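Beneath this line is the structure, given in structure tokens, with notes to follow.
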Amino acid sequence: NYQLTFNVTDLVNNLNSTTMGYIVDTTVTPPTFVNDEGAFTSNKLMNATWSIATAESNVSYYEVMVSEGGPYADTHVVVIDWMNVGLNTSYNFTVPALHGRVYYFNVRAYANSGSVSSVVSSDGILFWDNTPPSCGTNNDGSCIYDDGVYSNGNSSTNTSLQLYFNFTDNESSVDVYEIAKIGRAHV
């Protein structure tokens, strides 16, 4: 509680005094829950929603953050740092997610006074890459092509073939290319 007193005096020392009391609310209620769209996803575009803190007029804006390894109160790694999303109660994140890792959405509210609420976290969403690498397009429109040039020297030189590969995996990237020899080459 604060009180302000205003004194106004004119040129002949007539005084007018007024007192006004006011309360500065420095508390802000956090959201009651944060939702992260389920137990797992294979989409790096993830959405978080949260409850409105209350009908309080002192909420100025919300901040959101994405962590890995645990909710905000636990040991965590910041994946996407705190960002102001205004008074929105949902946000779409493009998360640089890695296969087999759990991501948490964390929300806190700021009051008009500058006070910050406690952080509320989602229960976590597992990123799971469930799609195989896909065929890209090489110069001839295929996934694998050769340059059409074969080297076949004398009997002491091996025959060589140069191949080009073009596969992509948007969820977790291509890790290994394996080639199997099928059949037998004739010299």
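Quick caveat: nothing in here was measured; it's all calculated off a predicted structure.
- Rounding to the nearest 0.5 Å places OG of S67 at 10.5 Å from OH of Y103.
- Using a 30° and 60° split on the angle between ring planes, Y110 and Y61 fall in the parallel class, below 30°.
- Judged by distance alone, with hydrogens and angles left aside, the side-chain atoms of E63 form no donor-acceptor pair with the main-chain N or O of W82 at under 3.5 Å.
- Contact annotation: the side chain of Y62 approaches that of I52 to within less than 4.5 Å [non-hydrogen atoms, C-beta and beyond].
- Without hydrogens or angle criteria, N16 side chain to V8 main chain gives no donor-acceptor distance under 3.5 Å.
- Contact check for T32 versus V120: no side-chain heavy atoms found under the 4.5 Å cut-off.
- The heavy-atom pair separating V102 from G124 by the smallest distance is CG1-CA, 3.8 Å.
- Closest heavy-atom contact between S60 and N112: CB-OD1, 3.2 Å.
- Exactly one residue among N47, I125, V95 makes a side-chain contact (heavy atoms from CB on, under 4.5 Å) with T41. That residue is I125.
- Legend: residues meeting ring-ring contact (aromatic ring centres under 6.0 Å, His included) with Y91, ordered by chain and number and at least two apart, are F93.
- Distance check: W128 CH2 to H99 NE2 gives 4.0 Å after rounding to the nearest 0.5 Å.
- P30 has its side chain out of reach of V107: every pair of non-hydrogen atoms, C-beta onward, lies at least 4.5 Å apart.
- Residues W50 and N106 have side chains not in contact (no heavy-atom distance under 4.5 Å, counting atoms from C-beta outward).
- Nearest heavy-atom pair across V28 and S117 is CG1-N, 3.2 Å.
- Here the side chain of D10 pairs a donor or acceptor atom with the backbone of V12 at under 3.5 angstrom.
- Side-chain contact between M46 and D36: absent, with no pair of heavy atoms (C-beta onward) separated by less than 4.5 Å.
- Following chains of ILVMFWY side-chain contacts shorter than 4.5 Å, one cannot reach F105 starting from V116, and the two form parts of different hydrophobic clusters.
- Formation of a donor-acceptor pair under 3.5 Å by the S51 side chain with backbone atoms of F33 is found in this model.
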